[in-house]
Amino acid sequence: MGVVVQKYGGSSVADAEGVKRVAQRIVDAKRAGHQVVVVVSAMGDTTDELLDLAEKVSPIPSPRELDMLLTAGERISMALLAMAVGNLGHEARSFTGSQAGVITDGRHGRAKIIDVTPGRIEAALGEGAIAIVAGFQGVSQDSKDITTLGRGGSDTTAVALAAALRADVCEIYTDVDGVFTADPRIVPTAQRRDRISYEEMLEMAACGAKILHLRCVEYARRYSIPIHVRSSFSKLNGTWISDIEESATMEQAIIAGVAHDRSEAKITVVGVPDKVGEAARIFETLADAQINLDMIVQNVSAAATNLTDISFTLPRTDGTTAMSALARIKEAVGYDSLLYDDQIGKVSLIGAGMRSHPGITAKFFSALASAGVNIGMISTSEIRISVVVDEMQVNDAVQATHAAFDLDSDQVEAVVYGGSGR
Ligand code: ASP
Ligand code: MG
C-alpha cells in the first residue's frame, strides 16, 4: 500500500462546502487503498487578510510574529478538514508543520526546509489514520520559532513530505485542470499538457507561471518525486511532471508553453564608467541587500564618453531597497543617475525542443513584431527565451506567441474553477 501525498490550495477549501468536497476526495483516495497524507493551505484569501490585518496594527510587523500569525490560517483549514473527514467515518489527525517534523532555517517569511522528520505522520499512518498537515510552515532548527516558507509554500511542504515518506506521487490539487500552454485567463484556447519535464516546469515557474512554487519543483526534481497537478473541482486527469526520458523527448512538443510575469521592475544605472570592477561593485551592493536579480544587460559603452548603462530586472517588491542601496554608492561608482521602471512585463517561451530545433528565436521575435510589441530586454537559457516588454502589451505578446507556435487548441478546454486571483 503506497503513500500518496495530496495538497489542496486555498481556493479548493475556500468555504465549508469546499472543505466537505475535499474531505470526500481524501476519503475516496483512502478507500482506493492508499495511505493518505494531506497538505492544506489556508482557506481562500485568509493569508492576504491576515497580512492586511498585521499592516493595520504595525507598518513593519516583527517577522517572528508575522509568521506566527500567518501559520494560523493553515491551522484553521487543517482542523476543519480533519473534522470533515471524521464526519465521513474515517479517522484524520491534523498536525502543524512543526509537529509534522518540518525543520527549517531561521529566516522568517522565506525559510528553507533543512530536514523533514515525519515520525508522527508515520505513526498516524501506521494506525490507519489520514494525516493532515498545515502547509507552508515549519520550525526553526536553532531558535525553535515558527517559520513560514514564503507565499505559495504549501506546494513545497507537500513535495518535501512526499520525499521524506517515499510517496509514490505528490498530487497538487488546484483550481485549474493542470499545466496549460499559457494562462487560460489570457489565452482561452490554451491546451493542457499531459506531461511536462521538471526542467520545463522549473523554467515555467521561474518565469511567472503561478501554477507551482519554484522551490517545490526543484525539490521534486532533486528527489525524483512525480507531481500530478490537477483540479480538485473535476475528476479529470491533470498534468504529470516528471523526468522525461531521452527516447520520449522525440515525441515531446517542441514548445512547452508561454509564461508571463508582471511582478518585476527594471532599474538602469546610467553613465557607469567603463572600467574594471564597476559592475562587481554594483552587483555586490545588490547582493548585500539580498536582492535577487533576473535579467542583466550592459550596453556597449559610447566611444566618446567611455560610459555605459547597466540595466537589470528584479522583483518590484525589492525596488525601493535596491534604489536606496545603489544611491549610497553613487559617488564611489561615479555613475550619472538611476532610472526605475515598473511598467514592464516579461514574456517567456519555454520548451526542451529548442535545443534541437533552430529558428525558434526568429519565429518568436517575428510574432512579437507582427503584434506591434517592442522588445526591451532579452535573456535566454538552453530551453527558454524571455523578453521584457511594456506591461500594457503583455497580453498581446502572449497571445501572438501562442498562436505563432500553433499552441491554440480548437476548443476551449481550460476552465478556471475557483480563486479570486488575489
Ligand atoms: N497560504 C499561503 C499563501 O497564501 C501558503 C500557500 O497557499 O501555499 O501563500
Ligand atoms: Mg494560498
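Numbering of ligands and ligand atoms starts at 1, following listing order. No experiment lies behind these values; they were computed from the predicted model shown. The figures here come from the full heavy-atom set of this structure, side chains too, leaving out hydrogens, waters and symmetry mates.
Close contacts of ligand 1 with Arg151, meaning ligand atoms under 4.0 Å from a residue heavy atom, involve 3 (C), 4 (O), 9 (O). Near Ser41, with a cut-off below 4.0 Å to any heavy atom, the atoms of ligand 1 are 6 (C), 7 (O), 8 (O). Proximity to Gly152 (heavy-atom distance under 4.0 Å) selects the following atoms of ligand 1: 3 (C), 5 (C), 6 (C), 8 (O), 9 (O).
In this structure the side chain of Tyr335 never reaches within 4.5 angstrom of the side chain of Ile310, judged on heavy atoms. Side-chain contact between Leu51 and Leu66: present, with at least one pair of heavy atoms (C-beta onward) separated by less than 4.5 Å.
Taking 4.0 Å as the cut-off, His213 does not count as a neighbour of ligand 1 on heavy-atom distance. Put simply, no part of Gly9 is less than 4.0 Å from ligand 1, judged by heavy atoms. At a 4.0 Å cut-off, not a single heavy atom of Gly135 sits close enough to ligand 1 to count as contact.
Glu203 and Ser381 share a donor-acceptor pair across their side chains, judged by distance under 3.5 Å alone.
Ionic pairing of Glu391 and Arg316 is present here: one or more N-O contacts between side-chain nitrogen and carboxylate oxygen are shorter than 4.0 angstrom.
The N/O atoms of Asp155, backbone and side chain alike, include none that comes under 3.5 Å of an N/O atom in ligand 1. An N or O contact shorter than 3.5 Å is missing between Lys7 and ligand 1 by distance.
Judged by distance alone, the side chain of Arg215 and the main-chain N or O of Leu149 form a donor-acceptor pair under 3.5 Å.
Looking at every heavy atom in both residues, Lys7 comes nearest to Ser41 through CE-OG, 3.6 Å.
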